[in-house]
Amino acid sequence: MLVTHSFGPWFDGQSRVLILGTMPSPKSREAGFYYAHPQNRFWKVLPMLFDEPALVGDILAQQAFLTRHQIALWDVLDSCDIEGASDASIRNPVPNDMNRILHAAPIQAIFCTGQKAGALYKKYCLPQCGVPAQVLPSTSPANCAVKLEGLLERYAVIRQILEK
């Protein structure tokens, strides 16, 4: 099924870190914001890095958190054929233009949440924008091999960059 990204990136002129998923899940498209599935650990992990409470389900608090910590969110793809939220099913990917954010904000590092996002970024976005991305483990409930503690260890690099 062809899916087109239905909401834009979250960033402002102060954003220093860009975190990219692959494509919004059905729950995220329904909510109109990133990582909206209640079992996705993104909104637990990111706030924990900054000693803040989880922000699951509170979009306004999530947006305030991102702005306060100079974090931009977007997805690698603008559209693709996808079944549900399965990255493995992605066909006919059309990438977003990362220069939209890179020319508007002082981004110091780009991270992809998951191997598929990283592979698609490397294939479609890196040649266009020239900025490499670091791949972090997916926070999706489908990635049960990486426990919360492991996610926190790997995602700590985001806080380290922002504290420079």
- Task: Let me see the working for I161 and I158 under side-chain contact (heavy atoms from CB on, under 4.5 Å), right down to the final yes or no.
- Result: CA-CA 5 Å; I161 287 169; I158 294 170; over 6 Å; no
- Query: Under 4.5 Å between side-chain heavy atoms, hopping through other hydrophobics if needed: is there a path connecting L2 to I82?
  - Reply: no
- Measure from the ring center of F65 to the ring center of F50 and say whether it is less than 6.0 Å. yes
- Main-chain N/O of Q39 paired to H37 side chain as donor or acceptor, under 3.5 Å: yes
- Item | From W74 atom CH2 to I19 atom CD1, the distance as rounded to the nearest 0.5 Å | 15.0 Å
- CH2-CG distance between W10 and L18, expressed to the nearest 0.5 angstrom: 14.5 Å
- Task: Locate the shortest heavy-atom distance separating M23 from L77; write the atom from each residue and the value.
- Result: SD-O, 3.5 Å
- Task: For K122, look at atom NZ and say whether over 12 heavy atoms of other residues, nucleotides or ligands are found less than 6.0 Å away.
- Result: no
- Please check if the side chain of T67 supplies one atom and the backbone of A64 the other of a donor-acceptor pair under 3.5 Å. no
- Note on the structure: Looking only at heavy atoms, the pair that brings S86 and S89 closest together is O-OG, 2.7 Å
- Message: Once you measure the plane-to-plane angle for F33 and W43, does it fall in the parallel (<30°), tilted (30-60°) or perpendicular (>60°) bin?
- Response: parallel
- Query: Do S140 and N40 have side-chain N/O donor and acceptor atoms under 3.5 Å apart?
  - Reply: no
- Message: Checking the side chain of N99 only, and the main-chain atoms of L102 only, is there a donor and an acceptor separated by less than 3.5 Å?
- Response: no
- After noting the C-alpha distance and the side-chain angles of L46 and Y35, does the key distance pass the side-chain contact (heavy atoms from CB on, under 4.5 Å) rule? CA-CA 11 Å; L46 231 56; Y35 305 99; over 6 Å; no
- Message: If we ignore hydrogens and angles and just use 3.5 Å, is the side chain of Y155 paired with the main-chain N or O of P137 as donor and acceptor?
- Response: yes
- Task: Would you please test L73 and F42 for side-chain contact (heavy atoms from CB on, under 4.5 Å) and show each step?
- Result: CA-CA 12 Å; L73 286 186; F42 186 87; 3.6 Å; yes
- Determine yes or no for a side-chain-to-main-chain donor-acceptor pair under 3.5 angstrom, with S28 supplying the side chain and A36 the backbone. yes
- Any side-chain heavy-atom pair from V76 and L120 closer than 4.5 angstrom? yes
- Message: If you count heavy atoms of other groups shown closer than 6.0 angstrom to CD of Q63, is the number above 12?
- Response: yes
- Note on the structure: In terms of heavy-atom contacts, N96 and C125 come closest through O-SG, 4.0 Å
- Query: Between CD of Q128 and CG of L126, what distance do you get to the nearest 0.5 Å?
  - Reply: 10.0 Å
- Query: Minimum heavy-atom separation for F11 to A104, with atom names?
  - Reply: CE1-CB, 3.7 Å
- Note on the structure: Minimal heavy-atom distance between L49 and R159, with the atoms involved, is O-NH1, 2.5 Å
- Message: Using the rule given for ring-ring contact (aromatic ring centres under 6.0 Å, His included), can you reason through F7 versus Y34, listing the C-alpha separation, both sets of side-chain angles and the distance that settles it, and then say yes or no?
- Response: CA-CA 9 Å; F7 50 93; Y34 299 90; 4.8 Å; yes
- Message: Would F111 and V157 count as a side-chain contact (heavy atoms from CB on, under 4.5 Å) here? Give the steps.
- Response: CA-CA 10 Å; F111 298 94; V157 66; 3.5 Å; yes
- Could you state the interatomic distance from CE (M48) to CG (L148), rounded to the nearest 0.5 Å? 5.0 Å
- Look only at the side chain of S15 and the backbone of V17, and say whether a donor-acceptor pair between them is shorter than 3.5 Å. no
- May I ask whether V135 and L152 are part of the same hydrophobic cluster, defined by side-chain heavy atoms of I, L, V, M, F, W, Y residues being less than 4.5 angstrom apart, directly or through others? no
- Looking only at atom types and distance, does a side-chain atom of D75 sit under 3.5 Å from a main-chain N or O of L20, one as donor and one as acceptor? no
- Do you know the tightest heavy-atom contact between C80 and I90? CB-CG2, 3.9 Å
- Query: Quick one: does R100's side chain have a donor or acceptor within less than 3.5 Å of a partner on P9's backbone?
  - Reply: no
- Message: Test salt bridge (Lys or Arg N to Asp or Glu O under 4.0 Å) on R68 and E52; report intermediate values, then the result.
- Response: CA-CA 12 Å; R68 186 168 61 253; E52 295 187 29; 2.7 Å; yes
- Ion pair check, K147 and E153, cut-off under 4.0 Å: no
- Message: Can a donor-acceptor pair be found, under 3.5 Å and without considering hydrogens, that links the side chain of Q62 to the backbone of L55?
- Response: yes
- Is it true that a side-chain atom of R16 and a backbone atom of L162 form a donor plus acceptor pair closer than 3.5 Å? yes
- Message: For the CZ atom of R91 and the CG atom of D81, what is their distance to the nearest 0.5 Å?
- Response: 9.0 Å
- Counting only heavy atoms not in Q14, do more than 12 sit closer than 6.0 Å to its CD atom? no
